[in-house]
Amino acid sequence: MNKEELKEYVNKYCGLRDVQFAAYELYARKYNLTAKELFVLDIIWFAPEGCMQSEICERLSATKQTISAIIKKFLRLGYISITKSKTDRRNKIIHLTDIGIEYVNKIIPPAADAEVDAMGELSAEDIEKLVCLTTRFSEYMRKKFNEITE
């Protein structure tokens with residue numbers, strides 16, 4: 001495939017990625033959240049034993065400052081609590097409070113169900129292809145972006 005054809009496909013793919021992200025952003029706005037805040041709640045929700053801020057940063061490729069600001073907001077609202085790790089006192093474990101569980105239960109399970117239902121519209125073969133190709137493309141993207149020098 002020549003460079004111009006590849007550029008067309010990149011633009012189509014980016015448009016599809018934007019549609020997906022917009023779906024999360026619009027859903028988050030219904031609850032006065034940003035998509036990043038929605039993703040943080042999602043990670044905490046699916047970690048009932050708790051998770052560390054560093055895990056959230058890594059998963060979302062976000063800075064410590066960005067995640068810290070989100071964590072402080074949720075702490076202020078009473079949705080989360082923070083405890084020190086028993087194995088490493090420097091690490092803090094983030095958990096949902098009872099109020100947080102009640103709040104997040106209205107948001108994350110329906111979103112997770114929507115994702116599963118959307119994936120369920122595809123055949124098993126298409127799901128495998130989608131995940132395989134997206135994984136490969138993501139790895140190539142990471143590699144190519146890391147190769148860029150100033």
field: Residues Thr135 and Ser138: side-chain donor-acceptor under 3.5 angstrom
entry: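 No, no side-chain donor-acceptor pair sits under 3.5 Å.
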
message: Just by distance, no angles: are the side chains of Tyr13 and Glu8 close enough, under 3.5 Å, to form a donor-acceptor pair?
response: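 Side chains of Tyr13 and Glu8: no pair found under 3.5 Å.
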
field: Charged N-O contact under 4.0 Å between Lys129 and Glu125
entry: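 Between Glu125 and Lys129 there is a salt bridge, with a charged N closer than 4.0 Å to a carboxylate O.
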
- request: Identify whether the distance between the nearest side-chain nitrogen and carboxylate oxygen of Arg136 and Glu139 falls below 4.0 Å.
  value: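 Answer for the salt bridge query: no.
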
Closest non-hydrogen atom pair between [X] and [Y], with its separation:
| X | Y | answer |
| --- | --- | --- |
| Ala62 | Lys36 | CB-NZ, 4.2 Å |
| Leu33 | Glu25 | O-OE2, 4.5 Å |
| Ala28 | Ala35 | CB-N, 3.9 Å |
| Ser81 | Leu75 | CA-CD1, 4.2 Å |
| Trp45 | Leu96 | CE3-CD1, 3.6 Å |
| Lys106 | Tyr27 | O-OH, 4.0 Å |

Just checking [X]: does its [atom1] atom have more than 12 heavy atoms from other residues, nucleotides or ligands closer to it than 6.0 angstrom?
| X | atom1 | value |
| --- | --- | --- |
| Lys73 | NZ | yes |
| Asn146 | CG | yes |
| Ile99 | CD1 | no |

Beyond-backbone contact of [X] with [Y], side-chain heavy atoms, under 4.5 angstrom:
| X | Y | answer |
| --- | --- | --- |
| Tyr24 | Glu115 | yes |
| Glu37 | Thr34 | yes |
| Asp42 | Val104 | no |
| Ile71 | Ile82 | yes |

Approximate separation, where rounding is to 0.5 Å, of [X] [atom1] and [Y] [atom2]:
| X | Y | atom1 | atom2 | value |
| --- | --- | --- | --- | --- |
| His95 | Thr83 | NE2 | OG1 | 5.0 Å |
| Leu41 | Asn105 | CG | CG | 12.0 Å |
| Asp117 | Asp113 | CG | CG | 6.0 Å |
| Glu58 | Ser54 | CD | OG | 7.5 Å |
| Ile127 | Cys132 | CD1 | SG | 13.5 Å |
| Glu147 | Phe145 | CD | CZ | 11.5 Å |

- request: Kindly indicate, with the supporting measurements, whether the criterion side-chain contact (heavy atoms from CB on, under 4.5 Å) is fulfilled by Ile56 and Phe39.
  value: CA-CA 9 Å; Ile56 297 170; Phe39 298 152; over 6 Å; no

Can you check whether [Y]'s main-chain N or O pairs, donor with acceptor, with [X]'s side chain at less than 3.5 Å?
| X | Y | answer |
| --- | --- | --- |
| Glu55 | Met52 | yes |
| Glu5 | Asn2 | yes |
| Gln53 | Lys92 | no |

task: Could you walk me through whether Cys51 and Ile44 pass side-chain contact (heavy atoms from CB on, under 4.5 Å), step by step?
output: CA-CA 6 Å; Cys51 64; Ile44 298 169; 3.9 Å; yes

Co-membership, hydrophobic cluster, residues [X] and [Y], 4.5 Å side-chain:
| X | Y | answer |
| --- | --- | --- |
| Leu16 | Leu6 | no |
| Phe21 | Val19 | no |
| Met119 | Leu133 | no |
| Ile93 | Val40 | no |
| Ile101 | Phe46 | yes |

Ring-face cation of Lys12 near Tyr9 (centre distance under 6.0 Å, axis angle within 45°):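 Relative to the ring axis of Tyr9, which defines the angle, Lys12 lies inside both limits.
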
field: Ring centers of Tyr103, Tyr31 separated by less than 6.0 Å
entry: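 Centroid separation for Tyr103 and Tyr31: 6.0 Å or greater.
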
- prompt: Please walk me through it: do Glu102 and Tyr79 pass side chain to side chain donor-acceptor pair (under 3.5 Å)?
  reply: CA-CA 9 Å; Glu102 187 177 326; Tyr79 297 155; over 6 Å; no

